[in-house]
Amino acid sequence: MKQKDKYEIISEMAKRRGYFWPSYEIYGGISGFLTFGPLGSLLKKRLEDKFRRFYLQPLAILEIETSVIMPGNVLEASGHVENFKEPTVECTKCQRKFRADHLLQEFGKMTDTETEKLTLQDIMDELKNRNIRCPECGGTFSKAEQFMTMFATTIGPYSDSVGYGRPEAAQGIFVEFKRIFESARGRLPLGVAQIGRVLRNEISPRQGPIRLREFTIIDIEFFLDPEDKKCLVLKEVENETLRLVLAENKMKDNTEPVTVTVKEAVSKGIIKEEWQAYFMALAKRFLVELGVPEEQQRFIEKLEWERAHYSVQGFDQEVYLERWGWTEVSGHNYRTDYDLSRHMKASGVDLTAFKESESGGRRFVPHVIEPSFGLDRLVYVALEYAYTKRNKRTLLSLSRDLAPIQMSVFPLVNKDGLLEKADEVYHRLTNEGFTVDWDSSGSIGRRYARADEVGTPLGITIDYTTLEDGTVTLRDRDSWKQVRSNIDNLPDLLHAYFRNKIDFEDLGQLIERRKDG
RNA sequence: GCGGUCGUAGUCUAGCCUGGUUAGGACCCCGGCUUCCCAAGCCGGGUACUCGGGUUCAAAUCCCGGCGACCGCACCA
């Protein structure tokens, strides 16, 4: 029998229990779009909030929200219109598709600045003149075509008013920089984040939640004075180790990561910018918090031609997934003043900062360090790493701050007033702001199993003793341990528990269970 | 976009080759009985042949096309 991999198991569970599934299924489905069900959207929200607590709040990074549709001129200024378009040719013999500009560079000895300027007809001419054939089979090429990976639309009733779905949330930040900077009273460094939907018209997306045409991105643009790029908080992470696959090693086909501390990486110039190193260290810690051990993470340095058009040094953070191997979850790029300068030029608006000094003062365009995360991928990663088996039962061991449902209330049997009592407890807890589920169907064991499968950390069981003395049983998802606690104490205890102030065993009196059953 | 494989209930699947079944099973879900703590048991219930066309007396089954999925190639700024 075919062995199911984790992706398959998780997809099945995700559909059945309401985490996520492919969108538009009743119309046959369309790849690249994903629907988050009730549990999935809760998990995503919790992950987002955790990110805010972990990454944004400590650095006082400001969060904004800008529109998804952007006017064409904005994305022309940013270089996306130019760079999101790839000229491709197809071999007439073997049907393989190639990036025409890459062929000309590799076999035609043209530089990328030369190929960038070519029209489609020029490309065909150059391929012919330079006698470039299919590198696979030697065949000739069909007509070149441009593939635009941004979603285009028109704005309003005028068809010449072109707009695009934004391919990154970053541009919204650059475009609004002037006002944000002003409202932040000109402070630098200044971090600005945006968590939002972006659109990329992938040619053929596969891999479920990993490659989507519409997804949620977390972009942080961290603005710096280029003459004062010191990271004052680097000390906090300087002994954190990073596993780095360096570009120079990659060139020699060596993808063995070197493990260095943040301190070393910076002092040896492996990571050129201190803030970039800092954000990478935080990214590593964040993934550890999501349940990914450090050996299952690495950073891979992008080669020059792999980098986006705006980046001068870039690392991708990758996480090992059972089905797809090393998978990018975040990108860390030094964007310099590329974007602000381009928007300044195109809009004619001054986007410089000013700093006073003894010699008078100077104007400059701030530089940008950008950490960028794919939120949907993080959701999947958290699920895959939380997935375990216990006694042949599926257990999602999501951390208590990520679990969509925080607790379930179970009447041990459905009679003698236990249902009513359970209902009372349920409402008391929801009134406290907890996300609580209710389940009275099937045996208590079955209900625990259901709760385990969706990762609910606590089970609260109402039994006959509850009617006598107002205590309930709390059951821990991972250890199956149980404690007994008075209902009146629950709100305070549970708030503390979910803020990670106390452990499970602090929730009440540990009780022994006999093993029969 | 190309090649290979594939599409049956909420999920996984048998059946397809060799057309004719009330389309079977498992899990799951719901209701009831039972049940003082880990998917127990009993009774009852639930949902399916991806879509369209063709061949045929008859199509889940054969043929063509669409859509979609998975794997490989390419692509992933």
Polar side-chain contact A:Asp452-B:C38 base: donor and acceptor under 3.5 Å: no
Side chain A:Arg475 and base B:C38 donor-acceptor under 3.5 Å: yes
Of A:Thr394 and A:Thr465, the one whose closest RNA chain B nucleotide lies more 5': A:Thr465
What is the separation between atom [atom1] on [X] and atom [atom2] on [N], rounded to the nearest whole Å?
| X | N | atom1 | atom2 | value |
| --- | --- | --- | --- | --- |
| A:Tyr19 | B:G10 | OH | C1' | 17 Å |
| A:Ile10 | B:C12 | CD1 | C1' | 16 Å |
| A:Met150 | B:C76 | CE | P | 15 Å |
| A:Ile9 | B:C70 | CD1 | C1' | 16 Å |
| A:Glu12 | B:A69 | CD | C1' | 14 Å |
| A:Phe33 | B:A69 | CZ | P | 11 Å |
| A:Leu419 | B:U35 | CG | P | 15 Å |
| A:Leu418 | B:U35 | CG | P | 13 Å |

Of all the nucleotides listed ([options]), which has the minimum atom distance to the side chain of [X]?
| X | options | result |
| --- | --- | --- |
| A:Lys15 | B:C71, B:C75, B:U11 | B:U11 |
| A:Ser443 | B:A39, B:C75, B:A40 | B:A40 |
| A:Val413 | B:U35, B:C71, B:A40 | B:U35 |
| A:Glu453 | B:A39, B:C38, B:C37 | B:A39 |

Stem regions touching RNA chain B, defined by at least 3 consecutive Watson-Crick or wobble G-U pairs below 3.5 angstrom: B:1-7 with B:67-73, B:10-13 with B:24-27, B:28-33 with B:41-46, B:50-54 with B:62-66
Ring pair (Phe, Tyr, Trp, His ring centres under 6.0 Å) between A:Trp324 and A:Tyr7, intermediate numbers included: CA-CA 9 Å; A:Trp324 298 295; A:Tyr7 170 67; 4.6 Å; yes
Pairwise [atom1] distance for [N] and [M], with rounding to whole Å:
| N | M | atom1 | result |
| --- | --- | --- | --- |
| B:A48 | B:U13 | C1' | 12 Å |
| B:C12 | B:U21 | P | 27 Å |
| B:G20 | B:C62 | P | 11 Å |
| B:U61 | B:U50 | P | 8 Å |
| B:A9 | B:U34 | P | 36 Å |
| B:A39 | B:A26 | C1' | 14 Å |
| B:G32 | B:C71 | P | 43 Å |

Filtered N/O pairs between nucleotides 28-34 of chain B and protein, under 3.5 Å:
| from | atom 1 | to | atom 2 | distance (Å) |
| --- | --- | --- | --- | --- |
| B:C28 | OP1 | A:Arg446 | NH1 | 3.3 |
| B:C29 | OP1 | A:Arg450 | NH1 | 2.8 |
| B:C29 | OP2 | A:Arg446 | NH1 | 2.9 |
| B:C29 | OP2 | A:Arg450 | NH1 | 3.4 |
| B:C30 | OP2 | A:Ser441 | OG | 3.1 |

B:C71 OP1/OP2 closer than 4.0 Å to side-chain N/O of A:Trp324: yes
CZ-CG distance between A:Arg477 and A:Leu398, expressed to the nearest 0.5 angstrom: 6.0 Å
Side-chain heavy-atom pair A:Leu321, A:Tyr385 within 4.5 angstrom cut-off: yes
Min side-chain heavy-atom separation A:Asp452-A:Arg475 under 4.5 Å: yes
For nucleotides 46-51 of chain B, give me every protein contact, N/O to N/O, under 3.5 Å, one pair per line with atom names.
none

Sugar-phosphate, base or nothing in reach of A:Arg323, heavy atoms under 4.0 Å: sugar-phosphate
Partner of A:Asp316 under salt bridge (charged side-chain N to carboxylate O under 4.0 Å, His left out), chosen from A:Lys302, A:Arg377, A:Lys250: A:Lys302
Aro-ring/base stack A:Trp480-B:C38, d under 5.5 Å, angle under 30°: yes
